[in-house]
Amino acid sequence: RSLVRHSREVSGAFRLSALASPVGLPLLPLTDAELEPYYGDAPRGVRANMVQTIDGAGAFHGRTKKITDHADQALLKHLRSHADVVLVGGATVQAEMYGPVRLDDAQQAARVAAGYAAVPPLAVVTARALLSLDLRIFDPAAPKPIIFTLAAAAAEPPELTDVADVVAVGDASLDMARVVDELTGRGLGRILCEGGPFILSQLIEQDLVDEMCLTLSPYLAGSQPTTAQPASNREVPTHLTLRHALTRNDLLYLRYSRA
């Protein structure tokens, strides 16, 4: 099938899009320059980036590797290049074997030219702070991660304070509003949340998500174990506005934000 170029409204202005897909949607661009019109205007607040299979699984056997691809990973890196901090849950750090944020030289140079740090630090949310010091996130050559935890846990592992900035954000439960306030107070206002599902649900519960970048993956994963979560106490759901829909390799890329 032939592919055609067409104009599409992106972020309030008409721009020349990538080639259209066989289903009529623009293709997800593969370079930073081409991704910029679609994702460059990161919000001040929480931008969530999640992947989900078409049957609703957020991972396969505990990891996202099997339900994503190189184009989705390139988008993840682009989103990170427009973040002041990357926020992630402790369980996800361990399951996905997280390391420090890595950006290429051009991305780092663009950030520095715009007045930002060359790479954003990681901020990890964990109730008990049971993080092995062998984790890759504690790379001494990378920005020191910020660990948000409960007050009791923050007082217990003194060795953690040697490799991370440990901050208590609650006594009985983690207060995600305090997490966001603490990051914003440090000048880290563009927060990219990469999950997992529990951290995202807690942000949603407190109505703290300003934008959702959702990758819909064309796989049927079956029942996958996930962290048990209490039912929401919210009275109404939050409505977000669709900004764009892109596709590549049968994955669907949706961007939603507050109107």
Side-chain angles (χ1 to χ4, degrees), residues 44-50 58-59 62-64 76 79-80 83-102 117 119-212 225-234:
R44 293 284 170 178
V46 177
R47 167 189 263 182
N49 181 43
M50 305 294 288
R63 301 191 65 187
T64 59
L76 171 66
L79 295 178
R80 287 178 165 189
D84 296 323
V85 62
V86 174
L87 180 67
V88 65
T92 299
V93 163
Q94 297 179 79
E96 299 281 0
M97 295 182 284
Y98 261 64
V101 174
R102 305 292 188 194
V119 293
L122 281 176
V124 182
V125 181
T126 169
R128 295 183 293 172
L130 298 177
L131 299 173
S132 170
L133 299 185
D134 294 332
L135 288 171
R136 294 173 55 235
I137 63 170
F138 299 123
D139 184 342
K144 183 179 288 189
I146 307 166
I147 309 298
F148 292 108
T149 188
L150 298 178
E156 286 184 2
E159 65 276 8
L160 194 58
T161 61
D162 294 333
V163 294
D165 187 358
V166 182
V167 181
V169 288
D171 296 319
S173 62
L174 296 164
D175 186 343
M176 297 307 297
R178 288 177 62 180
V179 170
V180 172
D181 287 345
E182 176 72 23
L183 292 173
T184 301
R186 294 171 179 236
L188 306 176
R190 301 180 303 169
I191 303 167
L192 178 64
C193 175
E194 297 182 359
F198 178 76
I199 298 303
L200 179 61
S201 71
Q202 294 305 301
L203 288 165
I204 293 172
E205 187 69 14
Q206 294 185 254
D207 201 24
L208 296 170
V209 174
D210 299 288
E211 181 171 298
M212 171 67 78
T226 186
T227 304
Q229 301 178 42
S232 174
N233 291 320
R234 305 194 67 195

Q) Thinking salt bridges, do Asp210 and Arg190 make one under a 4.0 Å N-O criterion? A)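 Between Arg190 and Asp210 there is no salt bridge, as every charged N stays at least 4.0 Å from the carboxylate O atoms.
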Q | Test: Glu182 and Arg186 ion pair at under 4.0 Å | A |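 The answer is yes: the pair qualifies as a salt bridge.
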Donor-acceptor pair, side chain of [X] and main chain of [Y], under 3.5 angstrom:
X: Asp175; Y: Gly170; answer: no
X: Arg178; Y: Ala168; answer: yes
X: Gln202; Y: Met176; answer: no
X: Arg136; Y: Met97; answer: yes

**Q.** Test side-chain contact (heavy atoms from CB on, under 4.5 Å) applied to Val124 and Leu135, Val93, Val86, Val166, the passing residue
**A.**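 The option that passes is Val93.
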Work out which heavy atom in [X] is nearest to a heavy atom in [Y]; give both atom names and the distance.
X: Leu203; Y: Cys193; answer: CD1-SG, 3.7 Å
X: Pro120; Y: Arg80; answer: CG-O, 3.7 Å
X: Leu130; Y: Gln94; answer: O-NE2, 4.0 Å

Drop me the distance from [X]'s [atom1] to [Y]'s [atom2], to the nearest 0.5 angstrom.
X: Leu174; Y: Asp171; atom1: CG; atom2: CG; value: 10.5 Å
X: Leu79; Y: Arg47; atom1: CG; atom2: CZ; value: 5.0 Å
X: Leu208; Y: Ile191; atom1: CG; atom2: CD1; value: 8.5 Å
X: Glu194; Y: Thr92; atom1: CD; atom2: OG1; value: 9.5 Å
X: Asn49; Y: Leu87; atom1: CG; atom2: CG; value: 12.5 Å

Give every donor-acceptor pair under 3.5 Å between a side-chain atom in residues 145-153 and any protein atom, sequence neighbours left out.
from: Thr149; atom 1: OG1; to: Thr126; atom 2: O; distance (Å): 2.7
from: Thr149; atom 1: OG1; to: Ala127; atom 2: O; distance (Å): 2.9

Q. What residues, two or more places apart in sequence or in another chain, satisfy side chain to side chain contact (heavy atoms under 4.5 Å, CB included) together with Arg234?
A. Ile204, Glu205, Asp207, Ser232, Thr238
Q: Indicate yes or no: at least one non-hydrogen side-chain atom of Phe138 is less than 4.5 angstrom from one of Leu131.
A: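 Touching, per the 4.5 Å side-chain cut-off.
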